[in-house]
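In what follows, every heavy atom counts, from backbone to side chain, and hydrogens, waters and symmetry copies are set aside.
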There are 2 protein chains.
Amino acid sequence: MKSISYLSHLSVDNVIFGYHNKQLKVLLMKLRNNGHWMLPGGFVKEDESILNAAKRVAHERTGLDQLYLNQFKTYGDPQRNKDSRIEKQKVYQKYTFDQKEVNIVDSYFVSIGYYTLTEFSKVEIQLGPVDEDCQWFALDEIPHLLYDHNQLIKDALIALRFHVDHYPIGKKLLEKKFTMPEIQALYETILEKSIDRRNFSKKIMKSGILIKLDEQRNIGAHRAPYLYTFHEEKYAEALQNGIASFF
Amino acid sequence: MKSISYLSHLSVDNVIFGYHNKQLKVLLMKLRNNGHWMLPGGFVKEDESILNAAKRVAHERTGLDQLYLNQFKTYGDPQRNKDSRIEKQKVYQKYTFDQKEVNIVDSYFVSIGYYTLTEFSKVEIQLGPVDEDCQWFALDEIPHLLYDHNQLIKDALIALRFHVDHYPIGKKLLEKKFTMPEIQALYETILEKSIDRRNFSKKIMKSGILIKLDEQRNIGAHRAPYLYTFHEEKYAEALQNGIASFF
DNA sequence: GCAATAGTGTCTGTAAGACAGTATATT
DNA sequence: AATATACTGTCTTACAGACACTATTGC
């Protein structure tokens, strides 16, 4: 194996949320020779920022660039990398750090948690160099993951929902032009609650981030919905400064 | 120097806020042979959680136990430990990690930021083993600090204010029994804004975390204020679940 | 005309924020 | 009496949340 210098005892873990058609999923992977599902993660190179390390990890699996990553919490407890289910001898376990090989299983890693949210319908999953499998999982079908990764997902969800509540989303999740029911479904799916149509529309229009277009989209045997786009400046400003409270 | 095993390239930095008598201060220190003020920080032992590492760092300087620490952000950029003002040869710079000596200056450290808030009047500052000086600084008198530590303080303040806005504080900052003006001054100082007396009292009483006692405190040539204590259960519950929005 | 979905306005309750006059303790 | 600080209630306004009928399209 080629010797690459990574910071030892440090990793990044990514909770990659994917949205498509009223479904919210999480990207999970299996390490070769390991057999347990886990979050995509990786290590930090000696000359790399932690944010770029997290972006690289996400890019390796999804091919996506320009992801909007959010750091949500850092985990560091000597017990967190113990998992009694691991058969140590079978595990892909040697990794070169600073010229010496290290057991990546069962040794203490401090891990920086990031999450991101993306449209998953066009993502073609690629396996990383040490991956055996990689797939999207619906939130209610997440298996028991390695280490503390189930907890990371819980924490990331809380952070994501908080974010959605205070900052605009949707630019990378919806088409350029979208309907009010579409963006409402996005919010409802992420927040896992239903929102009154009239109140939703009132509120989001008042925030100013949407522009109503003089176009409609014909979909099915019913009244055609109007199309909207994001107001670029207002959207960017709200992303900077936040919105008092959204939904 | 004794060989202690620490996780390399990883540190914790503490923003220790101290409140006393309408003043909010930050504890800063100077490293021996360095000459620049910085946040108290330290390294993580091989068998230690990052939270305990941060507690140990705070304990070393303040002697305080049972601090309520909050992790707010992790910093990791190869550029963050560069500081052109450092005279490298003069710096206390050798530290033993994993049996080998490492330059702690100018090498890449990922740092986990914690903040805490404590009453500072009874704290007797102790110098850590590598400290030259350690003192409280008012927020508007903070000098230019090493590395990105001024930014850490900014971020910690935002996190602290957010926390104060959504969770109860005061148990470790006020005496067992306190007056309404006292707790209001605490909020006003931390949030750096004045709050209407009538609205403050209305709001905090409605939250249920205060119990009005049938006692008054005689202080000075004016009407005696009533005393209050925290409602233990309500306080604990609010600390768990948060309060919609406070001030 | 039937089925399906989109569009829209009003009312009510609650909470935030502005605001001023009275009460009490000390000297 | 004068000074200093504490105590308290009402009004206005904005927003959240509940709620129902009409409009359009395809078949």
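- The nearest whole Å value for the distance from the CD atom in A/Q216 to the P atom in C/dG7 is 8 Å.
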If you restrict it to nitrogen or oxygen atoms, what contacts under 3.5 Å exist between nucleotides 3-5 of chain C and the protein, and what is each distance?
unit_1	atom_1	unit_2	atom_2	d
C/dA4	N3	A/A221	O	3.3

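- Residues from residues 187-201 of chain A lying near DNA chain D, meaning a heavy-atom separation below 4.0 Å, are A/D196, A/R197, A/R198, A/N199 in numerical order.
- Rounded to a whole Å, the NZ atom of B/K202 is 13 Å from the P atom of C/dC19.
- Between A/F230 and A/Y235, the two ring planes are perpendicular [angle over 60°; tilted spans 30° to 60°].
- In this structure, A/N218 places its CG atom 12 Å from P of C/dA6, rounding to the nearest Å.
- Using cut-offs of 30° and 60° on the angle between ring planes, the pair B/Y68 and B/H163 is tilted.
- Summarising the local packing, CD of A/E175 is surrounded by 12 or fewer heavy atoms from other residues, nucleotides or ligands at distances under 6.0 Å.
- Using a 4.5 Å heavy-atom cutoff, the side chains of A/Q216 and A/Y226 are in contact.
- For the segment residues 163-170 of chain A, the set of residues with a heavy atom within less than 4.0 Å of an atom of DNA chain C is empty.
- Here the side chain of A/R217 pairs a donor or acceptor atom with the backbone of A/K177 at under 3.5 angstrom.
- Summarising the geometry, the separation between CD on B/Q184 and P on D/dC7 is reported as 10 Å, rounded to the nearest angstrom.
- A/E215 places its CD atom 17 Å from the P atom of C/dA6, with the value rounded to the nearest Å.
- Below 30°, between 30° and 60°, or above 60°: for A/Y115 and A/F72 the angle between ring planes is between 30° and 60°, a tilted geometry.
- The rotation axes computed at either terminus of the helix from C/dG1-D/dC27 to C/dT27-D/dA1 lie 10° apart, taking five pairs at each end and rounding to 10 degrees.
- If you measure from atom CD1 of A/I204 to atom P of C/dA6, you get 15 Å, rounded to the nearest angstrom.
- By the ring pair (Phe, Tyr, Trp, His ring centres under 6.0 Å) test, A/H20 is found to be paired with A/F120, residues two or more places apart in sequence or in another chain being considered.
- If you take CG of B/D214 and P of D/dC7, they are 13 Å apart, rounded to a whole angstrom.
- Using a 4.0 Å heavy-atom cutoff across all strands shown, B/K203 reaches sugar-phosphate atoms only and no base atom.
- Residues meeting the side-chain hydrogen bond (donor to acceptor under 3.5 Å, both in side chains) test with B/K172, sequence neighbours left out: none.
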